[in-house]
Amino acid sequence: MRKIKKILIANRGEIAIRVMRSAKDMGIKTVAVFSEADRGMPHVKYADEAVCIGEAPSNKSYLLGNKIIDVCKNLNVDAIHPGYGFLSENADFAKEVTDAGIIFIGPDPEAIHVMGNKLEAKAAVKDYDIPMVPGTDEPVSDISEAKVIAKEIGYPILIKAAAGGGGKGMRVVEEEKNFDEQIKLAVNEAKSAFGDGSVFIERYVNSPRHIEIQILADTHGNTLYLFERECSIQRRHQKVVEEAPSAILTPELRKKMGESAVEVAKACNYKGAGTVEFLMDEKLNYYFLEMNTRLQVEHPVTEFITGTDLVKEQIKIAEGQAINFKQEDLQINGHAIELRVYAEDPTNNFLPDIGKLKIYKKPEGIGIRVDDGFEEGMDIPIYYDPMISKLTSYGKNRKEAIARMIRAIDDYKICGVKTTLSFGKFVMQHDAFISGNYNTHFVKEFYTDSDKSTTENDDSDIAAMMAVYALLNQKATIKNDVLNNGSQNSNWKNNRLK
Ligand code: MV4
């Protein structure tokens, strides 16, 4: 047991703020780090202390593990929360943090390492009774040998990079005659993308759903599952809409998958919050895919339906506390849906759209949660992920959650950049989504060009918002002039930034 008094959040934007909120709830002091591009960001202002760690590109700031550890030493920080992305799944970083006597809020470096390699992950769980897609459990080294295996598995097959994940480095091979060519391409791709050319083969599961299970494990041997999230609505292997619970799981299947996820966690001696990803086929067979050893973007839907604060649980586990509830205490209450609001143009292949948030008005009210890290007038930097916010709705049932999501989308006013809000509304109103019967091909299958124009803001809407913006801007200028004359302007930057 070691009480945490001060946490540094090695991240930016909405997730940095999300973590700080729980820390504050627990009476823990917070330290933000930021790049030069993020100087004025809300996560910097929200923290008790904040330190600039470098230039805008992530490899000159948010990825500088040693610099972040130095900040911790200077400011007497007890623990680092890595958020998601950046250094969150870097086993070497986790080890360096621990070696420096700082608590890493996450699993041990060994667990991060094992689950970071898809083949090692498969090997780690193979003695447990966890369903897996038929395939090779060694890297493919001999092409003709691999071809024999591929034939046994049956086409179509999928080639995956061992060091990949999140869909990177995958290739479908429809028939044997394409095998040689595809495997060579896959190996080269894996080499250049990950510096590791190991690839393996699996049977290709057609039209799968992506269902993942949230788990929590403490250092006292307790490992619990906090049910599933259905994450099938994605593009380019990036999720856009997630919900909990899944509309298609039965209580029996939920329990079985939950128990499988707990076994995966136990197989790698997992500690903290983690997510076990499964593929599910049309017959509701499920297969272990990979484990994400971090807090995930879409964790709010689980928080809504289970009434837990996952970040608080992470912190308590990192302190060495036992989880103070049991599997039987956990139950699903209601339904939650998350929409990732990206600065992207859904009508143009979800192309990132950078620019200024000229108008930014959040939805409010019952059953709505907005996790964001920007304010009106700010630029969406080009250096990082273009996610503006996460809009999450909650209702006593799925229908109510959908209705509230639609209301919140309509109430959300964003001007200056294109966003995925219109796509979210399209999803909420689509029969396949409403029925709950959809899979990972949703976008490709249903989001056709003719849909796109009808879900956009109409011109009069935009004209009206632009007029309001012009007016607001005038007023803002006057207000700023007045403010700048006085000494009212908070001096937090000078006081706190080092
Ligand atoms: C698969 C698959 C079909 N069969 N594996 C994509 C991300 C990576 N985590 C694994 N992925 C897949 N693995 C077999 N054997 C289909 C996918 C897949 C997918 C999985 C989850 C969410 C979206 C997806 C989109 C396309 C393909």
Side-chain angles (χ1 to χ4, degrees), residues 84-85 89 114-122 125-126 130-137 139-140 146 149-175 179 182-183 186 189-190 193-194 198-213 228-244 246 248 257 261 264 274-294 296-298 301 338 340 349-350 427 432-433 438-447:
Y84 53 73
E89 288 175 288
V114 167
M115 288 302 162
N117 184 291
K118 307 309 144 195
L119 277 173
E120 286 193 39
K122 282 185 159 202
V125 306
K126 90 175 186 311
I130 297 155
M132 305 232 255
V133 188
T136 56
D137 43 21
V140 172
I149 299 169
K151 202 164 192 166
E152 275 169 26
I153 294 169
Y155 285 89
I157 57 120
L158 191 60
I159 306 171
K160 295 184 176 182
K168 276 174 267 165
M170 293 195 337
R171 272 171 185 273
V172 182
V173 188
E174 298 287 350
E175 35 183 0
F179 187 85
Q182 291 296 318
I183 200 124
E189 217 170 72
F194 313 111
S198 317
V199 299
F200 61 102
I201 301 170
E202 280 182 356
R203 194 180 78 213
Y204 179 62
V205 179
N206 197 32
S207 307
R209 293 161 181 271
H210 172 133
I211 296 183
E212 58 186 33
I213 311 284
E228 76 279 5
R229 294 184 287 260
E230 155 73 70
C231 308
S232 296
I233 298 194
Q234 51 80 45
R235 42 99 190 104
R236 293 195 297 262
H237 300 293
Q238 277 264 39
K239 298 159 187 165
V240 193
V241 174
E242 304 99 340
E243 62 175 320
S246 159
I248 56 145
M257 290 181 82
V264 170
T275 298
V276 182
E277 289 188 4
F278 294 100
L279 281 183
M280 182 169 273
D281 69 17
E282 280 146 322
K283 294 181 187 141
L284 303 188
N285 297 307
Y286 68 91
Y287 309 96
F288 169 61
L289 208 53
E290 51 192 75
M291 180 168 193
N292 300 315
T293 57
R294 60 170 190 275
Q296 291 203 226
V297 176
E298 60 273 24
V301 294
E338 176 184 272
R340 299 191 191 185
N349 267 315
F350 295 92
V427 173
F433 183 78
Y438 61 94
N439 59 47
T440 49
H441 298 318
F442 182 95
V443 174
K444 190 170 62 186
E445 212 170 310
F446 300 124
Y447 196 52

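Just follow the structure's listing: the first ligand is 1, and inside any ligand the first atom is 1. For reference, positions follow the sequence shown, starting with 1.
Side-chain contact of T275 with Q296: a donor-acceptor pair under 3.5 Å is present, judged by distance alone. Y286 and D281 share no side-chain donor-acceptor pair at under 3.5 Å.
Ring geometry, F433 versus Y438: the interplanar angle falls from 30° to 60°, so the pair is classed tilted.
Heavy atoms of M170 approach ligand 1 to within less than 4.0 angstrom.
If you check each of H210, H441, R235, H237 against atom 27 (C) of ligand 1, the one with the closest non-hydrogen atom is H237. Residue K160 holds the heavy atom nearest to atom 5 (N) of ligand 1 of all those in R209, M280, K160, K118.
At least one test fails for R294 against the ring of Y84: distance under 6.0 Å to the centre or angle within 45° of the axis.
Just one of P208, C231, S207 meets the side-chain contact (heavy atoms from CB on, under 4.5 Å) condition when paired with T440; it is P208.
Contacts with ligand 1 closer than 4.0 Å are made by backbone heavy atoms (N, CA, C, O) of R203 only, the side chain lying farther away. Residue contacts with ligand 1 for L158 involve side-chain atoms from C-beta outward but no N, CA, C or O (heavy atoms, distance under 4.0 Å). At a heavy-atom cutoff of 4.0 Å, ligand 1 is contacted by the side chain of L279 but not by its backbone.
Remark: the backbone N or O of E89 is not paired with any side-chain donor or acceptor of T293 at under 3.5 angstrom.
Close contacts of ligand 1 with E277, meaning ligand atoms under 4.0 Å from a residue heavy atom, involve 9 (N).
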